[in-house]
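As the structure is a prediction and not an experimental result, all values here were calculated from the model. One-based numbering, in listed order, for ligands and for the atoms of each.
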Amino acid sequence: LQGPEVVSGRPRLSTEVAGLRLERFVANASGVLGWSREEAARVKEAGGGAFIAKTVTPQPRRGYGWPRLYPVGYGIVNAVGLANPGVERAAELLREATAAGIPVVASLAATEPEEWVRAAAALEEAGVAAVELNLSCPHFKGGGIELGSDPRAVKEVVSSVASTLRVPVVAKLGVSDRLLEAASAALDGGARGLTLINSVRAMKIDVYTKKPVLGNIRGGLSGRAIHPLAVRAVYDVYGETGADIFGVGGVYTWEDAVEFLLAGARAVQIGSALIEKGFIVFREILDGVERYLWIEGVKSVEDLVGLAQRR
Ligand SMILES: Cc1cc2nc3c(=O)[nH]c(=O)nc-3n(C[C@H](O)[C@H](O)[C@H](O)COP(=O)(O)O)c2cc1C
């Protein structure tokens, strides 16, 4: 290999997604990091194109009992329980994080309609570049996937928030029988983009204690095991709607990331692999994708978006 620089310029890893311009198409997924400027700066330094903050709720939440995380080899089962300091404190932290030099995306979950609107306004006021609505947490009573699998409720929440914010709203959805309808409802409600998918309802039982492992008993599965589920979700939703999509779920290697782009995602988020491999995962993926683009003679990651839809 002669290296990309000797050809006519290096392949481009930048992307536009949901009204955001990202220098690089990879970001952390919500929940694996917090809200701080240090974490946002670390993502940038590692090559990430955006910092996605952990989900906040209108009021502080302590989260569920321990253990909250259990690695199962092919993925991670977790039930953190949306532990967070509440939107007021999180907004203070996020205001500082916006100085890190990459777009900061806040993530919000609530149950009551007026709370969604009020909390989203506080996050926008803190200067974030976009607000991701977590409509898919697998274990958040009254919100989460219960809400996100009801298209009418999705449209109501998204439109109430999107109509009051200036910054883009991104709806994060999970797998359910009604994903396509929910995705269309979110877009009808004014979402500029979608994040697909969240962790998938799951649990783990210890064969010797003969009891569920997680403090909360039930949780969500993330990591390698869900990658093909997520690819299908992105492929189907992009094929049906053409929406701007962040692909999330089981991205460990550059091939996983390319698969999401080919399915129709314009950017990729990384959760479990960041926990298991550390920040180096961003560079590994970016270097691998850059080499792939060069070998394939493709100028930009944006030229890969949705190519697998063609037959
Ligand atoms: C420990 C942990 C905490 C998470 N917390 C959140 C969260 O607060 N909000 C959210 O939208 N998703 C949360 N997720 C889901 C991830 O953002 C992501 O959608 C999911 O893990 C699939 O991606 P992955 O396979 O790369 O981990 C969490 C995942 C893990 C493993």
* **Sub-4.5 Å side-chain heavy-atom contact between Lys204 and Pro212** => no
* **Any N/O pair Gly271/ligand 1 closer than 3.5 Å** => yes
* Structure fact -> Short version for Ile197: what comes under 4.0 Å of ligand 1, heavy atoms counted, is backbone
* **Test of proximity, Gln269 against ligand 1: N or O pairs below 3.5 Å** => no
* Asked: Would you say Val32 and ligand 1 have an N/O pair spaced under 3.5 Å apart?
  -> no
* Asked: For atom 21 (O) of ligand 1, what is the nearest protein heavy atom, given as residue, atom name and distance?
  -> Ser222 CB, 3.2 Å
* Structure fact -> ligand 1 to Lys54, heavy atom cutoff 4.0 Å, flagged ligand atoms 5 (N), 8 (O)
* Asked: Is it true that Arg95 and Glu125 have a side-chain N and a carboxylate O under 4.0 angstrom from each other?
  -> yes
* To do: Decide yes or no for Phe260 and Ile245: does some side-chain heavy atom of the first lie under 4.5 Å from some side-chain heavy atom of the second?
  => no
* Mode of Leu69 contact toward ligand 1 - side chain, backbone, both, neither (heavy atoms, under 4.0 Å) -> side chain
* Close-contact set for ligand 1 against Leu82 heavy atoms, below 4.0 Å -> 8 (O)
* Answer whether the closest heavy-atom distance between the side chains of Phe25 and Leu261 falls below 4.5 Å. => yes
* Could you go through the ring pair (Phe, Tyr, Trp, His ring centres under 6.0 Å) check for Tyr252 and His227 one step at a time? => CA-CA 9 Å; Tyr252 280 68; His227 182 62; 9.0 Å; no
* **Within-cut-off N or O pair, Asn78 and ligand 1, under 3.5 Å** => no
* Tell me yes or no: between the side chains of Glu39 and Ser36, is some donor less than 3.5 Å from an acceptor? => yes
* So do the side chains of Lys277 and Glu284 get within less than 4.5 Å of each other, counting heavy atoms only? -> yes
* **Taking atom 12 (N) of ligand 1 as the reference point, the nearest protein heavy atom with its distance** => Lys172 NZ, 3.1 Å
* Asked: For Ile226 and ligand 1, does the shortest N/O to N/O distance drop below 3.5 Å?
  -> no
* Asked: With only distance considered, is Ser30 within less than 3.5 Å of ligand 1 through an N or O on each side?
  -> yes
* Who's the nearest protein heavy-atom neighbour of atom 7 (C) of ligand 1, and how far? -> Thr55 OG1, 3.4 Å
* Can Gly223 be said to touch ligand 1, with heavy atoms closer than 4.0 Å? -> yes
* Asked: Using heavy atoms and a threshold below 4.0 Å, how should the contact between Asn134 and ligand 1 be classified: side chain, backbone, both, or neither?
  -> side chain
* Structure fact -> Note: ligand 1 atoms sitting under 4.0 Å from heavy atoms of Ser272 are 24 (P), 25 (O), 26 (O), 27 (O)
* To do: Would you please say whether a donor-acceptor pair under 3.5 Å links the side chains of Asp303 and Ser300?
  => no
* Protein residue, atom and distance nearest to atom 15 (C) of ligand 1, heavy-atom basis -> Asn198 OD1, 3.3 Å
* **Non-hydrogen side-chain atoms of Arg218 and His139 separated by less than 4.5 Å** => no
* Gly250: numbered ligand 1 atoms lying under 4.0 Å from its heavy atoms -> 24 (P), 25 (O), 26 (O)
* **No-hydrogen, no-angle side-chain donor-acceptor test under 3.5 Å, Thr55 and Asn134** => yes
* Any side-chain heavy atom of Met203 within less than 4.5 Å of one from Leu214? -> no
* Asked: Below 3.5 angstrom, do we get any N/O pair linking Ser107 and ligand 1?
  -> no
* **Identity and distance of the protein heavy atom lying nearest atom 5 (N) of ligand 1** => Gly31 CA, 3.2 Å
